[in-house]
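The structure under discussion appears below in the form of structure tokens.
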Amino acid sequence: MTADDEKFMTRAIALSEKTSLVDSAGGVFGCVIVQDGEIIGEGANRVVAENDPTWHGEIDAIRKACKKVGSFKLTNATLYTSAEPCPMCMAACYWAGIERVFYASTNMDALEYGDFDDSMIYQELKKPVSERSITCVQIMQPEAVEVWKKYKNKEDRVPY
């Protein structure tokens with residue numbers, strides 16, 4: 001751990017404290033994203049305040065960082081988060097191309113001190129689609145694939 005790592009994680013933890021204890025906006029989750037030694041995005045959990053189950057600190061910070069750099073890819077970026085990312089947030093890190101993730105508390109800490117339990121989601125994602133607790137039914141594949149075929153051949157398509 002470098003002095004910069006400590007500085008950025010301290011900021012992520014401060015954001016988690018403000019959103020959870022001062023603003024009562026959501027859980028104990030704060031995040032900063034750093035590129036070339038500069039914070040390019042900050043976020044905090046606002047699930048309760050916004051009535052939005054996707055308003056996690058990491059998602060908030062990724063959105064802001066992408067907007068700031070003008071790209072949906074955060075090349076050479078490092079994410080500092082006060083708690084181990086949930087499955088949604090970790091997937092978003094992969095989608096955004098984040099290079100490194102530093103986290104402070106663990107999923108077990110979040111369970112013990114805040115009753116946050118992501119274990120069911122991890123277990124569900126391991127199951128075949130047909131065995132998951134949320135019923136998933138595929139319909140209208142041919143119609144959807146027609147749009148995919150057009151997309152595949154779109155000359156100005158932006159790859160990602």
Side-chain angles (χ1 to χ4, degrees), residues 8 11-12 15-16 19-20 23 25-107 110-111 114-160:
F8 296 132
R11 178 64 183 152
L15 289 165
S16 79
T19 200
S20 64
D23 299 339
V28 187
F29 307 103
C31 179
V32 298
I33 299 175
V34 175
Q35 193 177 57
D36 299 324
E38 174 192 347
I39 294 176
I40 59 170
E42 293 187 340
N45 185 291
R46 293 190 53 82
V47 167
V48 174
E50 305 298 336
N51 294 315
D52 181 347
T54 68
W55 204 305
H56 291 199
E58 296 92 337
I59 301 297
D60 191 22
I62 288 169
R63 288 176 180 154
K64 290 173 181 171
C66 287
K67 197 170 259 190
K68 180 170 184 170
V69 301
S71 174
F72 56 85
K73 287 293 183 188
L74 298 174
T75 308
N76 299 319
T78 301
L79 183 143
Y80 295 84
T81 181
S82 63
E84 187 176 356
C86 74
M88 175 183 68
C89 292
M90 198 64 223
C93 289
Y94 282 105
W95 280 113
I98 289 171
E99 189 173 301
R100 285 173 305 282
V101 172
F102 287 86
Y103 64 93
S105 62
T106 66
N107 288 333
L111 175 62
D115 297 321
F116 287 91
D117 188 2
D118 294 337
S119 63
M120 181 275 294
I121 298 170
Y122 287 106
Q123 293 306 313
E124 285 289 305
L125 292 175
K126 291 178 186 177
K127 295 178 184 178
V129 173
S130 62
E131 295 177 19
R132 294 181 183 164
S133 64
I134 295 176
T135 302
C136 297
V137 180
Q138 183 180 22
I139 62 173
M140 298 181 68
Q141 180 186 17
E143 293 86 349
V145 168
E146 284 305 312
V147 179
W148 276 110
K149 288 176 182 176
K150 292 174 187 174
Y151 179 75
K152 179 180 180 180
N153 296 317
K154 188 176 188 299
E155 290 192 21
D156 62 345
R157 177 176 65 153
V158 177
Y160 67 98

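Considering CD of Gln35 and NZ of Lys68, their distance stands at 9.5 Å, rounded to 0.5 Å. The structure places CD1 of Ile39 at 10.0 Å from SG of Cys31, a figure rounded to the nearest 0.5 Å. Rounding to the nearest 0.5 Å gives a distance of 10.5 Å between CG of Leu15 and OG of Ser20. Between atom CZ of residue Arg11 and atom OG of residue Ser16 there is a gap of 10.5 Å, rounded to the nearest 0.5 Å. Taking CG of Asn107 as the reference point, atom CG of Asp118 lies at 5.5 Å (rounded to 0.5 Å). Atom CG of residue Asp23 and atom CZ of residue Arg46 lie 6.5 Å apart, to the nearest 0.5 angstrom.
The minimum heavy-atom distance between Lys73 and Tyr94, with the atom names listed, is NZ-O, 4.4 Å. Nearest heavy atom pair, residue Asn45 against residue Gly26, reads OD1-CA, 3.1 Å. For the pair Thr106 and Glu84, the tightest heavy-atom approach, listed with the atom from each and the gap, is CA-OE1, 3.5 Å. The two residues Thr81 and Glu58 have their closest heavy-atom pair at OG1-OE2, 2.9 Å.
The number of heavy atoms from other shown groups lying within 6.0 Å of CG (Asn153) is above 12. Residue Lys67 places its NZ atom among 12 or fewer non-hydrogen atoms of other residues, nucleotides or ligands, all under 6.0 Å distant. The 12-atom threshold is exceeded at OH of Tyr151, counting heavy atoms of other residues, nucleotides or ligands nearer than 6.0 Å.
Side-chain contact check for Leu74 versus Ile40: some heavy-atom pair is nearer than 4.5 Å. Within the 4.5 Å cutoff, no side-chain heavy atoms of Thr78 are placed close to those of Phe8. For the pair Val101 and Met90, the minimum side-chain heavy-atom distance is below 4.5 Å. Annotation: side chain of Val69 is not in contact with side chain of Thr75 (no heavy-atom distance under 4.5 Å). For the pair Ile121 and Cys86, the minimum side-chain heavy-atom distance is 4.5 Å or more.
With Thr19 contributing its side chain and Ala25 its backbone, the two residues share no donor-acceptor pair below 3.5 Å. Checking side-chain atoms of Lys149 against main-chain N and O of Ala144 turns up no donor-acceptor pair under 3.5 Å. Under a 3.5 Å cut-off, the side chain of Asp60 and the backbone N or O of Trp55 do not form any donor-acceptor pair.
Note: Phe29 and Phe116 meet the aromatic proximity criterion, with ring centroids under 6.0 Å apart.
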Exercise answer: donor-acceptor pairs, residues 127-142 side-chain atoms, under 3.5 Å, sequence neighbours excluded:
residue, atom, partner, partner atom, Å
Lys127, NZ, Glu124, OE2, 2.8
Arg132, NE, Glu124, O, 3.2
Arg132, NE, Lys127, O, 3.2
Arg132, NH2, Leu125, O, 3.4
Arg132, NH2, Lys127, O, 3.3
Ser133, OG, Glu124, OE1, 3.2

Check the pair Trp95 / Ile62 against side chain to side chain contact (heavy atoms under 4.5 Å, CB included), numbers first and verdict last. CA-CA 10 Å; Trp95 280 113; Ile62 288 169; over 6 Å; no
